[in-house]
Each structure stands twice: as structure tokens, then as C-alpha cells.
Amino acid sequence: MENIFKNRIETLDELEASRSEIGYPSKFAAIKVIHSLDIHSIDFIKKSPFIVIATSNQEGECDASPRGDEAGFVHVIDEKHIFIPERPGNKRMDSIRNILTNPNVGIIFMIPGLEETFRVNGKACVSRDQELLDKTAANGKLPLLGIGVAIEECYMHCGKAFKRSGLWDPGRWLSRSDVPSAARIIAAHVGDKIQITEGEVQQSLNESYTKRLY
């Protein structure tokens with residue numbers, strides 16, 4: 001890594017030596033991890049319409065990808081296993097490709113308006129189990145495949161990040177005129193490779209959102 005970041009902590013020993021400044025976990029944070037889903041965890045997952053799944057490939061190159069659908073779209077198989085249906089996306093298959101070389105995944109489950117989140121870490125596989133695909137159909141369409149996760153640990157995460165960011169507070173949202181334009185950004189990023197205008201990108205996005213959600 002370039003020497004642009006000064007006064008770096010580079011070892012675990014250095015990190016532990018900084019504990020007097022950083023502090024230690026609360027008694028709840030230190031023992032909150034469980035290793036399978038209980039009734040409360042399952043209830044949270046069934047009420048969550050949005051997750052972020054983190055993966056990395058065998059070289060350690062990382063990716064964090066959003067997934068969303070009606071609340072409960074992530075199927076709970078049992079207390080140790082969940083199944084995430086793969087809905088139509090950009091077809092890059094970044095998460096899927098990573099899982100095929102490195103099964104370790106981390107997932108954050110979110111519920112709109114709730115500042116606390118639920119986290120799951122475990123080992124993933126790519127599955128075309130027909131029974132699971134049938135159970136996770138949406139809008140009359142079956143997913144072609146999905147991500148199965150064997151849970152190794154899970155826990156609640158406090159809401160400080162959401163409180164600081166005001167993510168669920170409409171009073172702190174940008175006005176519509178100040179929100180960055182996805183079409184403009186995409187057009188700028190691909191403009192040196194293909195000839196495309198912001199308007200053409202926006203039209204493609206609109207068609208994708210209205211005709212290719214499932």
C-alpha cells in the first residue's frame with residue numbers, strides 16, 4: 001500500500017497496545033455472538049427486505065453486494081442454514097464468482113426504520129436445489145440459482161452508524177435536486193469505452209427497473 005497513510009497500525013500487537021485509547025468491548029458486546037439462529041434471529045431475518053453480502057476471492061479481493069426483495073426473501077432452512085435467491089442483476093456475478101473460490105461470507109440484515117442490524121458470518125455455496133428455488137420464487141418467477149449459507153456465527157449490531165448517518169431520518173435526506181445522478185456517473189465511467197449519453201443510460205436503467213426486476 002502506498003505511503004499516503006501516516007502513523008499506521010500494522011500489527012495486532014500494536015492494536016492491542018492502543019486499547020487504553022480505543023477502549024474495550026462492553027460486557028454485552030464481548031459475549032453477544034451466538035452460533036445458530038434462535039427464534040429472535042429468525043424473526044429478524046423474516047422481517048428484513050434488504051441485506052448486504054460481503055465476499056472475497058482467493059486473492060482476498062473484496063466485494064460487498066446489496067440484495068433486496070419483499071421481507072423474508074431470505075429463506076431460513078433451519079437454525080444453521082439460510083438460502084439467498086439470486087434475482088436478476090447486472091449479470092457480473094461478482095458474489096457468485098467469489099464464493100466459488102472462497103466460501104467465507106459476511107451478511108448484514110436490515111429492517112427499514114430500525115437502526116440495529118443483524119449480522120451473519122459463515123461458509124457459502126452456490127446452489128440450484130429445486131426445492132429451495134421453488135420456495136423462493138417471486139412475482140411468478142423462480143430464481144435460477146441461489147446462495148446457501150452455513151452459519152458459523154451471528155449477532156446483533158448496535159445502531160450507532162445509523163444514528164450518526166441519519167439514514168432512516170427523512171429530515172436529513174438530500175433534496176431530490178442534490179441527489180447524485182446514477183446515469184450521469186455511469187455515463188462518465190464508461191464514456192471512454194463506448195459512446196453513450198446520460199439519457200441513454202437513464203433509459204436503460206428505467207427499462208431494467210420496470211421490465212427486468214424478476
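This one's a predicted model, so the numbers in the text were calculated from it and none came from an experiment.
- With hydrogens and angles disregarded, no donor-acceptor distance shorter than 3.5 Å links the side chain of Lys80 to the backbone of Ile77.
- Counting only distance, with no hydrogens or angles, the side chain of Ser18 and the backbone of Glu21 share no donor-acceptor pair below 3.5 Å.
- A distance of 9.0 Å separates CD1 in Ile147 from SG in Cys125, rounded to the nearest 0.5 Å.
- If you check the side chains of Arg97 and Ser95, you find no donor sitting under 3.5 Å from an acceptor.
- Leu142 and Val74 are not part of a single hydrophobic cluster, where members link through side-chain heavy atoms under 4.5 Å apart.
- For the atom pair Leu133 CG and Lys141 NZ, the distance stands at 15.5 Å (nearest 0.5 Å).
- Closest non-hydrogen pair, Pro143 versus Pro85, comes out as CG-CB, 3.9 Å.
- No donor-acceptor contact under 3.5 angstrom links the side chains of Ser56 and Asn98, judged on distance only.
- The number of heavy atoms from other shown groups lying within 6.0 Å of CD (Glu131) does not exceed 12.
- With hydrogens and angles disregarded, a donor-acceptor distance shorter than 3.5 Å links the side chain of Glu14 to the backbone of Thr11.
- Residue-environment remark: CZ (Arg19) exceeds the threshold of 12 foreign heavy atoms within 6.0 Å.
- Here the OG-CG distance, from Ser208 to Asn90, works out to 9.0 Å after rounding to the nearest 0.5 Å.
- Sorted by first and then second residue, the salt bridge (Lys or Arg N to Asp or Glu O under 4.0 Å) pairs with a member in residues 30-51 read Asp43-Lys47; sequence neighbours excluded.
- Under the 4.5 Å side-chain heavy-atom criterion for Ile, Leu, Val, Met, Phe, Trp and Tyr, Ile84 and Leu132 are members of distinct hydrophobic clusters.
- Counting only residues at least two apart or in different chains, ring-ring contact (aromatic ring centres under 6.0 Å, His included) contacts with residues 8-67 comprise Phe44-Phe118.
- Checking side-chain atoms of Ser48 against main-chain N and O of Met110 turns up a donor-acceptor pair under 3.5 Å.
- Looking at every heavy atom in both residues, Gly159 comes nearest to Glu116 through N-CG, 3.9 Å.
- Annotation: the span from Cys62 atom SG to Asp94 atom CG amounts to 12.0 Å, rounded to 0.5 Å.
- Heavy-atom contacts from other residues, nucleotides or ligands closer than 6.0 Å to NZ of Lys193 number more than 12.
- Here Leu213 is tied into one hydrophobic group with Tyr214, each link being a pair of ILVMFWY side chains closer than 4.5 Å.
- Taking each heavy atom of Asp129 and Ser127 in turn, the nearest pair found is N-OG, 3.1 Å.
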(Q) One pair to check against side chain to side chain contact (heavy atoms under 4.5 Å, CB included): Val76 and Ser41. What are the steps and the verdict? (A) CA-CA 10 Å; Val76 178; Ser41 309; over 6 Å; no
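- Atom CG of Leu144 sits in a sparse spot, with 12 or fewer heavy atoms from other residues, nucleotides or ligands closer than 6.0 Å.
- To the nearest 0.5 Å, atom CD1 of residue Ile99 and atom OG1 of residue Thr101 are 9.5 Å apart.
- Residues Tyr155 and Val105 do not share a hydrophobic cluster, clusters being chains of Ile/Leu/Val/Met/Phe/Trp/Tyr side chains in contact below 4.5 Å.
- At most 12 heavy atoms of other shown residues, nucleotides or ligands fall within 6.0 angstrom of atom CG in Leu12.
- Contact annotation: the side chain of Ile31 never approaches that of Pro25 to less than 4.5 Å [non-hydrogen atoms, C-beta and beyond].
- Looking at residues two or more places apart in sequence or on another chain, you find no ring-ring contact (aromatic ring centres under 6.0 Å, His included) involving Phe109.
- Judged as a ring-ring contact (aromatic ring centres under 6.0 Å, His included), not a single pair has a partner in residues 62-81 (not counting sequence neighbours).
- Nearest heavy-atom pair across Asn102 and Gln58 is CB-N, 4.2 Å.
- Residues Glu86 and Met93 are in side-chain contact: their nearest non-hydrogen atoms beyond the backbone lie under 4.5 Å apart.
- Under the 4.5 Å side-chain heavy-atom criterion for grouping Ile, Leu, Val, Met, Phe, Trp and Tyr, Ile151 is connected to Val126 within one hydrophobic cluster.
- No donor-acceptor pair under 3.5 Å is formed between the side chain of Glu207 and the backbone N or O of Ser204.
- To the nearest 0.5 Å, atoms CD1 (Ile96) and OG1 (Thr55) are separated by 9.0 Å.
- In summary, Arg119 and Glu153 do not engage in a salt bridge, as defined by a charged side-chain N under 4.0 Å from a carboxylate O.
- Applying the ring-ring contact (aromatic ring centres under 6.0 Å, His included) rule to pairs touching residues 166-208 yields Phe162-Trp168, sequence neighbours excluded.
- In this structure, Val52 is not a member of the same hydrophobic cluster as Met156, with clusters built from ILVMFWY side-chain heavy atoms closer than 4.5 Å.
- For the residue pair Glu152/Asn121, the side-chain donor-acceptor check at 3.5 Å is not satisfied.
- The two atoms that bring Asp78 and Leu37 nearest to each other are O-CD1, 4.0 Å, heavy atoms only.
- Heavy-atom neighbours of Gln195 CD from other residues, nucleotides or ligands within 6.0 Å: at or below the threshold of 12.
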